[in-house]
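Notes follow the structure.
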Amino acid sequence: MLLELAKVETFYGASQALFGVDLAMAEGEVVALMGRNGMGKTTTIRSIFGLSPLRHGTIRFAGNDISATKPYRIARLGLGLVPEGRRCFPNLTVAENLLASARSGFWTIKEVNTLFPRLAERSSQYANSLSGGEQQMLAVGRALMTNPKLIVLDEATEGLAPVIRQEIWKAIAALKQQGQSILVVDKTLSELLPVADRCVILERGRNVWNGLPGELTSEIQDRYLGV
Amino acid sequence: MVNRERLVNIVLALILPALAFIASGMGEPFYITLATRIAILALAAVGLNLALGLGGLVSFGHAAFFGIGGYVAGIFATHAFNQIPLLSSPFVIMATNQMPVIWIVSAIVAGLVAFLIGLISLRTSGVYFIMITLAFAQMIYYFAISWPAYGGEDGLSITIRNGFPGVNTLAPLNFFLIAYALLLLALFAFARLRDSRFGAALQATRQNEVRVASIGIRPLRIRLVAFILSGMITAIAGALFADLNRFVGPSMLSWSMSGELIVLIILGGTGRLFGPVAGAILFVLFEFALGGLTEHWQLFLGLILLAVVLFGRGGLVGLLAGKVRHG
């Protein structure tokens with residue numbers, strides 16, 4: 001297994017957010033992490049990256065126990081994060097944003113520019129002058145520059161125009177083709193399900209459903225994902 | 001925008017040698033010394049600009065490194081002049097009066113001190129970081145005052161300016177050119193560093209520590225390296241400064257010296273390549289022009305600083321070349 005969460009429990013202060021999340025994904029898999037707002041998707045991701053330390057349970061990644069590892073070490077093991085809300089470094093240029101996270105491997109600034117030609121055009125622009133969609137491309141590019149074994153996208157296309165969303169999904173599909181392992185959170189099921197190999201649904205800090213996209217009946221959708 | 005900044009930089013780079021050569025042609029060594037003073041202060045500020053401008057580390061203790069460089073130059077000069085070994089047991093180390101050796105020793109000593117100060121102070125941030133760097137600098141300041149072997153409160157005179165292979169350093173223009181060459185070298189290094197992965201990561205660390213960690217960068221490590229390099233450059237400037245004045249005293253280590261370096265950078269343009277040069281030119285010019293009129297010239301400097309902070313945060317370079325970065 002590339003990533004394995006076992007009985008992960010995470011707290012924010014005194015309030016418990018995760019009540020024993022289990023999740024396993026193999027290399028090359030694309031897993032969709034689903035659930036309504038506040039059900040623990042982002043907390044699960046924060047726990048994986050060591051940003052919200054877990055109180056119980058274990059997380060293993062690529063053969064290492066990372067349950068209590070510092071965030072920068074976790075990233076160096078090959079976990080790339082595209083955080084919710086496209087958080088780039090606002091006062092660095094596009095090129096500098098990419099350069100800052102560069103680690104040796106397939107992904108270079110040139111490769112990222114091929115994936116997102118818009119970024120190539122904006123190379124010397126400051127990140128805070130980009131549109132939301134471009135910032136999201138930059139956030140994805142930045143994560144790719146670390147040459148991750150697994151890339152995690154939290155709210156991959158939230159708040160973006162449909163045209164831009166298409167571009168992001170196209171890029172995610174291209175990454176999948178290359179065999180990139182991806183853990184992705186997104187609300188638009190019609191776009192998320194076609195790229196996913198498997199779905200995991202969280203409800204109140206627990207995983208309640210695990211299966212193939214084709215098995216995700218409308219009944220299950222209503223029960224766990226409907227608003 | 002970028003081209004305009006380049007133009008401003010070229011002008012700033014040419015002002016100093018122009019001043020020095022014209023003064024030399026007119027037989028006015030005082031102005032050569034003024035240009036040298038600007039170049040040396042600018043060099044010290046280039047060092048601080050690495051920590052403060054790129055890394056966002058407001059070090060209020062850079063006088064420590066400036067003074068360490070000064071004392072290395074002074075101690076070496078004294079020992080070499082009197083032919084007293086620096087160390088007599090277990091083995092003998094003779095002092096040299098050659099500047100390149102002094103610069104290297106200054107940089108190494110300052111680098112080690114910066115490593116220790118950084119290791120402790122970089123675990124904090126904001127006002128605590130400012131206070132801890134200040135505290136360390138004050139410790140070194142009082143140490144120098146209470147060290148009678150090297151002049152204590154009175155400082156240490158350098159009888160003959162240290163030498164440079166093949167150059168007569170006593171000629172003001174020659175000494176200016178040495179200081180200026182080092183300044184250009186430091187600016188080149190700063191530019192290369194800023195445009196490298198290290199520089200991008202350092203600036204990213206300034207903007208958001210958590211985000212930086214999630215791309216595999218350890219903020220403490222990268223800041224520590226920046227802080228050490230910064231202290232090393234400032235120390236070399238300190239060694240030159242002692243040689244310029246042929247004197248080193250505790251005042252080079254005082255907290256007001258640290259403040260001056262920060263003021264220089266803010267005046268010139270924080271994080272801008274030529275900010276320290278612009279700042280040093282302005283600062284020395286004020287000191288010279290206003291200082292001739294009134295001894296309270298720093299009052300006016302304060303007002304100008306206030307104006308820069310309130311209205312033109314890009315400093316002089318920002319004013320001339322347009323605002324680019326910072327936040």
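Quick note on labels: first sequence line is chain A, next is B, and so on, each numbered from 1. Just so it is clear, the structure is predicted and the values come from calculations on it, not from any experiment.
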CZ/A/Arg73: more than 12 non-hydrogen atoms of other groups inside 6.0 Å:
no
Sort out for me which of A/Cys88, A/Ala100, A/Ala143 touches chain B most, counting heavy-atom pairs under 4.5 Å.
A/Ala100
Please classify the contact of B/Thr205 with chain A as side chain, backbone, both or neither, using a heavy-atom distance under 4.5 Å.
neither
Of A/Gly50, A/Gly80, A/Pro90, the largest count of non-hydrogen pairs under 4.5 angstrom with chain B goes to A/Pro90
Under a 3.5 Å distance rule, please check whether A/Arg103 uses its side chain to pair with a backbone N or O of B/Gly216 as donor and acceptor.
yes
Least distance between heavy atoms, B/Val210 atom then A/Leu51 atom:
CG1-CD2, 3.6 Å
Are there more than 12 heavy atoms of other residues, nucleotides or ligands under 6.0 Å from atom CD of A/Gln178?
yes
Between B/Gln207 and A/Arg87, is the side chain to side chain contact (heavy atoms under 4.5 Å, CB included) condition met? List the steps.
CA-CA 11 Å; B/Gln207 294 179 22; A/Arg87 302 198 173 99; over 6 Å; no
Does CZ in B/Phe115 sit with more than 12 non-hydrogen atoms of other residues, nucleotides or ligands closer than 6.0 Å?
no
How far does CZ of A/Arg142 sit from OG of B/Ser214, to the nearest 0.5 angstrom?
6.0 Å
Take A/Asn91 and B/Gln203 through the side chain to side chain contact (heavy atoms under 4.5 Å, CB included) test and state the conclusion after the steps.
CA-CA 8 Å; A/Asn91 293 303; B/Gln203 295 182 73; over 6 Å; no
Would B/Ile215 and A/Phe89 satisfy side chain to side chain contact (heavy atoms under 4.5 Å, CB included), going step by step from the backbone distance to the final call?
CA-CA 12 Å; B/Ile215 55 171; A/Phe89 299 111; 3.8 Å; yes
What do the steps show when you test A/Tyr72 against B/Val212 for side chain to side chain contact (heavy atoms under 4.5 Å, CB included), and what is the final call?
CA-CA 8 Å; A/Tyr72 77 90; B/Val212 141; over 6 Å; no
For the CD atom on A/Glu121, are there more than 12 heavy atoms of other groups (residues, nucleotides or ligands in this structure) within a distance under 6.0 Å?
yes
